[in-house]
Amino acid sequence: STSAGNCSPPATCNKPAFAGYLEVVSNTNGSTNGAARHHPDKVRVAIIGVGNCASSFVQGVHYYADADPAESVPGLMHVDLGGYHVRDIEFSAAFDIDSDKVGKDLSQAIFSGQNNTLKFCKNVPELGVEVQRGMTHDGLGKYLSQKITKAPGPTADIVEILKATRTDVVEIGRAHV
(Lines give C-alpha, C1' and ligand atoms only; values in the text may rest on other atoms or scores of the structure.)
Protein backbone atom coordinates (compact mmCIF):
# COMPACT_ATOMS: atom_id res chain seq x y z
CA SER A 1 0.00 0.00 0.00
CA THR A 2 1.33 3.44 -0.86
CA SER A 3 -1.11 5.49 1.16
CA ALA A 4 -1.05 6.32 4.82
CA GLY A 5 -4.27 6.63 6.75
CA ASN A 6 -6.59 9.35 5.44
CA CYS A 7 -4.26 10.64 2.73
CA SER A 8 -5.74 11.02 -0.71
CA PRO A 9 -3.57 10.52 -3.81
CA PRO A 10 -1.48 13.56 -4.76
CA ALA A 11 -2.29 13.04 -8.43
CA THR A 12 -3.21 16.68 -8.97
CA CYS A 13 -0.20 18.06 -7.11
CA ASN A 14 2.18 19.45 -9.71
CA LYS A 15 5.20 19.53 -7.40
CA PRO A 16 7.23 16.47 -6.42
CA ALA A 17 6.84 15.42 -2.80
CA PHE A 18 10.46 16.22 -2.06
CA ALA A 19 11.02 19.62 -3.67
CA GLY A 20 13.60 22.18 -2.64
CA TYR A 21 17.31 22.23 -2.17
CA LEU A 22 19.17 20.06 0.29
CA GLU A 23 22.37 20.98 2.01
CA VAL A 24 24.23 18.64 4.30
CA VAL A 25 24.92 20.10 7.73
CA SER A 26 28.17 18.82 9.14
CA ASN A 27 30.90 20.07 11.40
CA THR A 28 33.35 17.58 9.89
CA ASN A 29 33.45 19.24 6.47
CA GLY A 30 32.72 15.90 4.79
CA SER A 31 35.94 14.32 6.03
CA THR A 32 34.20 11.32 7.63
CA ASN A 33 32.09 10.48 4.58
CA GLY A 34 28.86 10.43 6.57
CA ALA A 35 30.20 8.66 9.67
CA ALA A 36 29.47 11.70 11.85
CA ARG A 37 25.70 11.15 11.77
CA HIS A 38 24.09 11.49 15.20
CA HIS A 39 21.08 9.24 14.55
CA PRO A 40 22.06 6.28 12.36
CA ASP A 41 18.43 5.12 12.07
CA LYS A 42 16.91 8.51 11.15
CA VAL A 43 17.70 11.48 8.90
CA ARG A 44 17.00 14.67 10.86
CA VAL A 45 15.88 17.47 8.53
CA ALA A 46 15.49 21.20 9.22
CA ILE A 47 13.44 23.40 6.91
CA ILE A 48 14.32 26.99 6.06
CA GLY A 49 11.31 28.65 4.47
CA VAL A 50 8.03 26.88 5.33
CA GLY A 51 6.42 27.45 1.94
CA ASN A 52 4.75 25.27 -0.66
CA CYS A 53 7.81 23.06 -1.24
CA ALA A 54 8.07 22.41 2.49
CA SER A 55 4.35 21.61 2.62
CA SER A 56 4.73 19.01 -0.13
CA PHE A 57 7.82 17.57 1.57
CA VAL A 58 6.25 17.24 5.04
CA GLN A 59 3.00 15.84 3.64
CA GLY A 60 4.95 13.45 1.40
CA VAL A 61 6.91 11.98 4.30
CA HIS A 62 3.64 11.03 5.99
CA TYR A 63 1.80 10.07 2.81
CA TYR A 64 4.54 7.62 1.76
CA ALA A 65 5.43 6.33 5.24
CA ASP A 66 4.06 2.86 4.46
CA ALA A 67 5.22 2.69 0.84
CA ASP A 68 6.63 -0.67 -0.26
CA PRO A 69 10.24 -0.34 -1.51
CA ALA A 70 9.63 -3.26 -3.88
CA GLU A 71 6.85 -1.37 -5.71
CA SER A 72 6.98 1.48 -8.20
CA VAL A 73 5.39 4.38 -6.35
CA PRO A 74 3.92 7.30 -8.34
CA GLY A 75 5.29 10.63 -7.11
CA LEU A 76 8.37 9.12 -5.50
CA MET A 77 11.65 8.28 -7.23
CA HIS A 78 12.96 6.06 -4.43
CA VAL A 79 11.11 4.68 -1.40
CA ASP A 80 14.43 3.47 -0.03
CA LEU A 81 17.56 5.51 -0.69
CA GLY A 82 20.88 4.29 0.66
CA GLY A 83 19.12 2.10 3.22
CA TYR A 84 16.83 4.87 4.47
CA HIS A 85 13.06 4.58 3.94
CA VAL A 86 10.92 7.70 3.52
CA ARG A 87 9.59 7.13 7.06
CA ASP A 88 13.16 7.53 8.38
CA ILE A 89 12.95 11.28 7.74
CA GLU A 90 12.38 13.17 10.98
CA PHE A 91 11.88 16.93 11.13
CA SER A 92 14.15 18.65 13.64
CA ALA A 93 13.72 22.42 13.13
CA ALA A 94 11.95 24.95 10.92
CA PHE A 95 12.42 28.65 10.17
CA ASP A 96 10.30 31.30 8.44
CA ILE A 97 9.64 35.06 8.59
CA ASP A 98 5.84 35.06 8.12
CA SER A 99 3.95 35.96 11.29
CA ASP A 100 1.24 33.46 10.24
CA LYS A 101 3.78 30.63 10.55
CA VAL A 102 6.32 31.60 13.23
CA GLY A 103 5.43 30.06 16.59
CA LYS A 104 3.22 27.33 15.12
CA ASP A 105 4.00 23.63 14.97
CA LEU A 106 5.43 22.72 11.56
CA SER A 107 2.39 20.49 10.90
CA GLN A 108 0.15 23.58 11.12
CA ALA A 109 2.52 26.10 9.53
CA ILE A 110 2.67 24.16 6.24
CA PHE A 111 -1.01 25.04 5.69
CA SER A 112 -0.72 28.65 6.92
CA GLY A 113 -0.09 32.04 5.37
CA GLN A 114 0.06 32.24 1.60
CA ASN A 115 0.75 28.50 1.15
CA ASN A 116 -1.57 26.98 -1.42
CA THR A 117 -0.17 23.51 -2.03
CA LEU A 118 -2.81 20.83 -2.43
CA LYS A 119 -3.57 19.18 0.91
CA PHE A 120 -3.04 15.57 -0.13
CA CYS A 121 -2.28 14.15 3.31
CA LYS A 122 -5.08 14.86 5.77
CA ASN A 123 -3.37 13.32 8.78
CA VAL A 124 -0.04 15.09 9.23
CA PRO A 125 0.50 14.64 12.98
CA GLU A 126 1.73 17.32 15.36
CA LEU A 127 5.51 17.19 14.90
CA GLY A 128 6.73 18.97 18.01
CA VAL A 129 8.77 21.34 15.84
CA GLU A 130 7.99 25.01 16.45
CA VAL A 131 8.68 27.30 13.50
CA GLN A 132 11.35 29.80 14.60
CA ARG A 133 11.93 33.33 13.30
CA GLY A 134 14.28 33.16 10.32
CA MET A 135 16.47 35.78 8.68
CA THR A 136 15.00 38.42 6.40
CA HIS A 137 18.32 39.02 4.59
CA ASP A 138 17.62 41.79 2.06
CA GLY A 139 14.00 42.57 2.94
CA LEU A 140 10.63 41.27 1.82
CA GLY A 141 10.35 42.85 -1.57
CA LYS A 142 7.65 45.08 -2.99
CA TYR A 143 4.97 42.44 -3.64
CA LEU A 144 5.67 40.01 -0.80
CA SER A 145 5.45 42.82 1.75
CA GLN A 146 1.87 43.41 0.53
CA LYS A 147 0.97 39.76 1.21
CA ILE A 148 2.62 38.84 4.51
CA THR A 149 3.51 40.44 7.81
CA LYS A 150 7.05 39.87 8.99
CA ALA A 151 7.11 38.14 12.36
CA PRO A 152 8.22 40.46 15.18
CA GLY A 153 11.35 39.92 17.20
CA PRO A 154 14.92 39.01 16.49
CA THR A 155 16.14 36.25 14.21
CA ALA A 156 16.57 32.94 15.99
CA ASP A 157 20.14 31.66 16.41
CA ILE A 158 19.88 29.29 13.47
CA VAL A 159 23.33 27.73 13.82
CA GLU A 160 22.82 26.97 17.51
CA ILE A 161 19.36 25.52 16.87
CA LEU A 162 20.71 23.27 14.11
CA LYS A 163 23.46 22.06 16.44
CA ALA A 164 21.10 21.60 19.42
CA THR A 165 18.58 19.63 17.33
CA ARG A 166 21.37 17.50 15.83
CA THR A 167 20.14 18.25 12.33
CA ASP A 168 21.69 16.20 9.51
CA VAL A 169 20.19 17.94 6.47
CA VAL A 170 18.76 21.40 5.77
CA GLU A 171 16.03 21.83 3.15
CA ILE A 172 15.93 25.36 1.78
CA GLY A 173 12.63 26.44 0.25
CA ARG A 174 12.50 28.75 -2.72
CA ALA A 175 10.34 31.84 -2.86
CA HIS A 176 8.49 32.37 -6.14
CA VAL A 177 7.32 35.93 -5.69
Side-chain angles (χ1 to χ4, degrees), residues 1-26 30 32-96 98 100-101 104-132 134 161-162 164-176:
S1 167
T2 58
S3 64
N6 300 326
C7 296
S8 58
T12 58
C13 183
N14 62 2
K15 293 205 182 268
F18 300 98
Y21 293 111
L22 298 178
E23 291 185 20
V24 176
V25 175
S26 173
T32 60
N33 196 24
R37 291 185 33 77
H38 300 293
H39 304 277
D41 56 336
K42 296 287 183 183
V43 178
R44 294 182 53 78
V45 177
I47 294 176
I48 297 180
V50 184
N52 288 317
C53 292
S55 180
S56 293
F57 184 27
V58 173
Q59 288 185 77
V61 166
H62 297 283
Y63 180 82
Y64 294 112
D66 296 324
D68 183 348
E71 292 181 20
S72 175
V73 180
L76 199 58
M77 290 179 71
H78 304 283
V79 173
D80 182 293
L81 184 63
Y84 291 99
H85 190 281
V86 174
R87 72 176 148 261
D88 295 330
I89 296 171
E90 182 174 87
F91 296 101
S92 57
F95 306 90
D96 204 283
D98 187 339
D100 285 342
K101 299 173 186 178
K104 288 184 178 176
D105 187 80
L106 178 59
S107 63
Q108 298 165 353
I110 61 173
F111 301 117
S112 299
Q114 297 295 306
N115 286 10
N116 60 6
T117 295
L118 176 70
K119 189 172 185 176
F120 61 86
C121 188
K122 309 277 188 252
N123 64 344
V124 176
E126 180 127 344
L127 299 171
V129 175
E130 181 182 331
V131 177
Q132 303 289 320
I161 291 170
L162 294 176
T165 58
R166 303 182 83 128
T167 295
D168 298 309
V169 176
V170 174
E171 187 272 340
I172 302 173
R174 298 175 288 170
H176 299 284

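Residues: numbered from 1 along the sequence shown.
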Pairwise distance CD1(Ile47) to CD(Gln132) - rounded to 0.5 angstrom: 13.5 Å
Sequence neighbours excluded, the answer for ring pair (Phe, Tyr, Trp, His ring centres under 6.0 Å) partners of Phe91 is Phe57
Roughly how far apart are Leu106 CG and Ser55 OG, rounded to 0.5 Å? 9.0 Å
Does Val50 offer a backbone N or O that forms a donor-acceptor pair with the side chain of Asp96 under 3.5 Å? yes
Tell me if a side-chain donor or acceptor on His85 pairs with a main-chain N or O of Ala67 at a distance below 3.5 Å. yes
So Thr165 and Arg44, do their side chains get closer than 4.5 Å, heavy atoms only? yes
Check whether any side-chain heavy atom of Val170 sits under 4.5 Å from a side-chain heavy atom of Ile48, and report yes or no. yes
Rounded distance [0.5 Å steps], OH in Tyr63 versus OG in Ser56: 13.0 Å
Reported CG-to-CD distance for the pair Leu76 and Glu71, which is rounded to 0.5 angstrom: 11.5 Å
If every non-hydrogen atom of Val129 is compared with every non-hydrogen atom of Ala94, which pair is closest and at what distance? CG1-N, 3.8 Å
So, Asp105 versus Ser107: side-chain donor-acceptor pair below 3.5 Å or not? yes
Suppose we screen for side-chain contact (heavy atoms from CB on, under 4.5 Å). Which residues come up paired with Leu81, at least two apart in sequence or across chains? His78
Indicate yes or no for a side-chain donor-acceptor contact from Arg87 to the backbone of Tyr64 under 3.5 Å, with no hydrogens or angles considered. no
Between the CG atom in Leu162 and the CG atom in Asp168, the distance rounded to the nearest 0.5 Å is 10.5 Å
For Ser112, what residues pass the side-chain contact (heavy atoms from CB on, under 4.5 Å) criterion, not counting sequence neighbours? Lys101, Lys104
Where is the tightest heavy-atom contact between Asn115 and Asn52, given as atom of each residue plus distance? CA-OD1, 3.3 Å
Note, Ile161 side chain near Phe95 side chain (heavy atom, < 4.5 Å): yes
So does Val45 get a backbone contact from the side chain of Ser92, meaning a donor-acceptor N/O pair under 3.5 Å? yes
Pair Val124, Val58 - check side chain to side chain contact (heavy atoms under 4.5 Å, CB included), show working. CA-CA 8 Å; Val124 176; Val58 173; 3.9 Å; yes
Residues in side chain to side chain donor-acceptor pair (under 3.5 Å) with Asp80, at least two apart? none
Output the distance between atom CG (Asp88) and atom CG (Asp41), rounded to the nearest 0.5 Å. 7.0 Å
Please confirm whether the backbone N or O of Leu118 pairs with a side-chain atom of Gln59, one donor and one acceptor, at under 3.5 Å? yes
Sequence neighbours excluded, which residues qualify as side chain to side chain donor-acceptor pair (under 3.5 Å) partners of Asp100? none
